[in-house]
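A note on names: the letters A, B, ... follow the listed sequences, proteins ahead of strands, and every chain is numbered from 1. As a basis for the values below, the full set of heavy atoms in this structure was taken, side chains included, without hydrogen atoms, waters or symmetry mates.
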Number of protein chains: 2
Amino acid sequence: MKLSELKAIQLAELFSALSDASRVRIISLLLDGEMGVGTLAEKLNMTESAVSHQLRGLRQMRFVRARKAGRQVFYRLDDDHVEKLYRMGLEHVEHG
Amino acid sequence: MKLSELKAIQLAELFSALSDASRVRIISLLLDGEMGVGTLAEKLNMTESAVSHQLRGLRQMRFVRARKAGRQVFYRLDDDHVEKLYRMGLEHVEHG
DNA sequence: GTAATATATGAACGCTTGCTCAACTATTCA
DNA sequence: TGAATAGTTGAGCAAGCGTTCATATATTAC
């Protein structure tokens, strides 16, 4: 199947969003519902800065969405495609 | 959902295999059936060396499998999970 | 107002990645 | 055998990525 260069790039960008262990773990936590940056950082044993940087990328890809409440920012998954991709990948890893 | 560090890394590696436009295009061509390295290189407008390097990574991930015939090496997809991931990603890109 | 908290941002650094180029192996043909 | 073909491999390099660190912004508490 011929694939245009543009769509190849878009596909690659899509999968790139899931191509880092930190981002995968962020997404795995957000599967349970929204969570603040500090809590994510604590659970992942990462600095808030590192988490914030990753969330920025995920936000730009429309993978997550932010909700501001006071001085906290809660993030949640923005797209159920993400969850589908994640679960299919996990299935492959677990008994592929 | 808690995700072990190991599985996070494995998932990230899985998606990394699809996180480059050249590899995505290689896979898109192999969806139609097996193809030699030279033909792939020609269709993708890449050098055989570059294609071969990418195929090596895809081979190590068990995404593709090689069949040697004379001095040619034909590659094909090794796993239908790959095709599923690819199609789901494409769906997201095309009307997400 | 000031201090403290929660997050975002930019620069810098080290690591990874995908390519090119040259050299190499393996196979076919004469 | 020697030349040509198909592919692989390793080194090297430029570009990209993920982190840390320092600084900035926004909000709340006093």
Side-chain angles (χ1 to χ4, degrees), chain A residues 3 5 8-30 34-76 78, chain B residues 3 5-6 8-30 33-76 78:
Chain A
L3 186 67
E5 178 64 19
I9 290 171
Q10 291 176 327
L11 254 182
E13 282 175 352
L14 174 70
F15 289 116
S16 293
L18 291 164
S19 71
D20 173 76
S22 297
R23 284 192 295 275
V24 166
R25 292 170 75 215
I26 288 174
I27 287 169
S28 81
L29 288 174
L30 296 183
E34 67 177 17
M35 197 174 288
V37 178
T39 311
L40 281 169
E42 191 183 354
K43 296 209 179 202
L44 298 172
N45 203 33
M46 291 171 65
T47 66
E48 293 184 3
S49 177
V51 172
S52 186
H53 275 295
Q54 294 293 8
L55 286 169
R56 185 182 206 232
L58 291 171
R59 218 168 51 221
Q60 287 174 340
M61 290 293 296
R62 303 261 169 85
F63 269 44
V64 301
R65 170 180 305 217
R67 175 178 72 87
K68 199 166 183 182
R71 55 190 148 190
Q72 288 194 84
V73 178
F74 293 96
Y75 280 86
R76 64 185 163 90
D78 187 18
Chain B
L3 185 67
E5 179 63 18
L6 174 62
I9 291 172
Q10 291 176 327
L11 254 182
E13 283 175 351
L14 173 71
F15 289 116
S16 292
L18 291 164
S19 71
D20 173 76
S22 297
R23 284 192 296 276
V24 166
R25 292 169 77 216
I26 287 174
I27 289 169
S28 81
L29 287 175
L30 296 183
E34 67 176 15
M35 198 173 287
V37 179
T39 311
L40 280 169
E42 191 184 354
K43 295 210 181 203
L44 298 171
N45 203 33
M46 291 170 66
T47 66
E48 291 186 4
S49 176
V51 172
S52 186
H53 276 295
Q54 294 294 9
L55 286 170
R56 185 181 206 230
L58 291 171
R59 219 168 47 221
Q60 287 174 341
M61 289 294 296
R62 303 261 168 86
F63 269 44
V64 301
R65 171 179 303 217
R67 174 179 73 86
K68 199 166 181 182
R71 55 191 151 191
Q72 288 195 83
V73 179
F74 292 97
Y75 281 86
R76 63 185 164 91
D78 187 18

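Rounded to whole Å, atom P of C:dT9 lies 11 Å from atom CG of A:L55. Rounded to whole Å, atom P of C:dG18 lies 11 Å from atom CD1 of B:I26. The distance between atom CE of B:M46 and atom C1' of C:dT20, rounded to the nearest whole Å, is 11 Å. Taking atom CD1 on B:I9 and atom P on C:dC15, their separation rounds to 17 Å, with Å as the unit. Atom-to-atom, CD of A:E42 to C1' of C:dT5 comes out at 15 Å; the value is rounded to the nearest Å. Between the CD atom of A:E48 and the P atom of C:dG10 there is a distance of 18 Å, given to the nearest Å. Remark: C1' of C:dT27 and CZ of B:F74 are 14 Å apart, rounded to the nearest angstrom. The distance from atom CZ of B:F15 to atom P of C:dT17 is 17 Å, rounded to the nearest whole Å.
Put simply, A:S52 has no side-chain N or O that comes within less than 4.0 Å of OP1 or OP2 on C:dT7. A close approach under 4.0 Å does occur between a side-chain nitrogen or oxygen of B:Q54 and OP1 or OP2 of C:dC19. Close to C:dA8, at under 4.0 Å from its OP1 or OP2, lies no side-chain N or O of A:R56.
For A:R23 (side chain) and A:S16 (main-chain N/O), a donor-acceptor pair under 3.5 Å exists by modelled atom type. In this structure, the side chain of B:S52 does not engage the main chain of B:S49 through any donor-acceptor pair within 3.5 Å.
Taking every nucleotide of DNA chain D with any atom under 4.0 Å from a non-hydrogen atom of chain B, the first and last of them, 5' to 3', are D:dA4 to D:dG10.
Of all non-hydrogen atoms in A:E48 and A:V37, the two that sit nearest each other are O-CG1, 4.1 Å. Closest approach of A:M46 and A:A50 over heavy atoms only: CE-CB, 3.7 Å. Of all the heavy atoms in A:S28 and B:L3, the pair that sits closest is OG-CB, 3.6 Å.
At a cut-off of 3.5 angstrom, counting only N and O atoms as typed in the model, there is a donor on one side and an acceptor on the other between the side-chain of B:S49 and the base of C:dC21.
Across all strands, A:Y75 comes closer than 4.0 Å only to sugar-phosphate atoms, never to a base (heavy-atom distances). Across all strands shown, B:Q72 has heavy atoms under 4.0 Å from sugar-phosphate atoms exclusively, and none from any base.
Stacking between A:H53 and C:dT9 is shown: the ring centroid lies under 5.5 Å from the centre of the six-membered base ring, and the planes differ by under 30°.
For A:Q10, the side-chain hydrogen bond (donor to acceptor under 3.5 Å, both in side chains) criterion is met by no residue, not counting sequence neighbours.
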N/O donor-acceptor pairs under 3.5 Å from side chains in residues 57-74 of chain B, not counting sequence neighbours:
unit_1, atom_1, unit_2, atom_2, d
B:R59, NH1, B:Y75, OH, 2.6
B:R65, NE, B:D78, OD1, 3.0
B:R65, NH2, B:D78, OD1, 2.8
B:R67, NE, B:E34, OE1, 3.1
B:R67, NE, B:E34, OE2, 3.4
B:R67, NH2, B:E34, OE2, 2.4

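Mapped onto DNA chain D by nearest heavy atom, A:R71 and A:R23 fall at different nucleotides, with A:R23 at the one closer to the 5' end. Both A:D20 and A:K68 lie close to DNA chain D; mapped to their nearest nucleotides by heavy-atom distance, the more 5′-ward contact belongs to A:D20.
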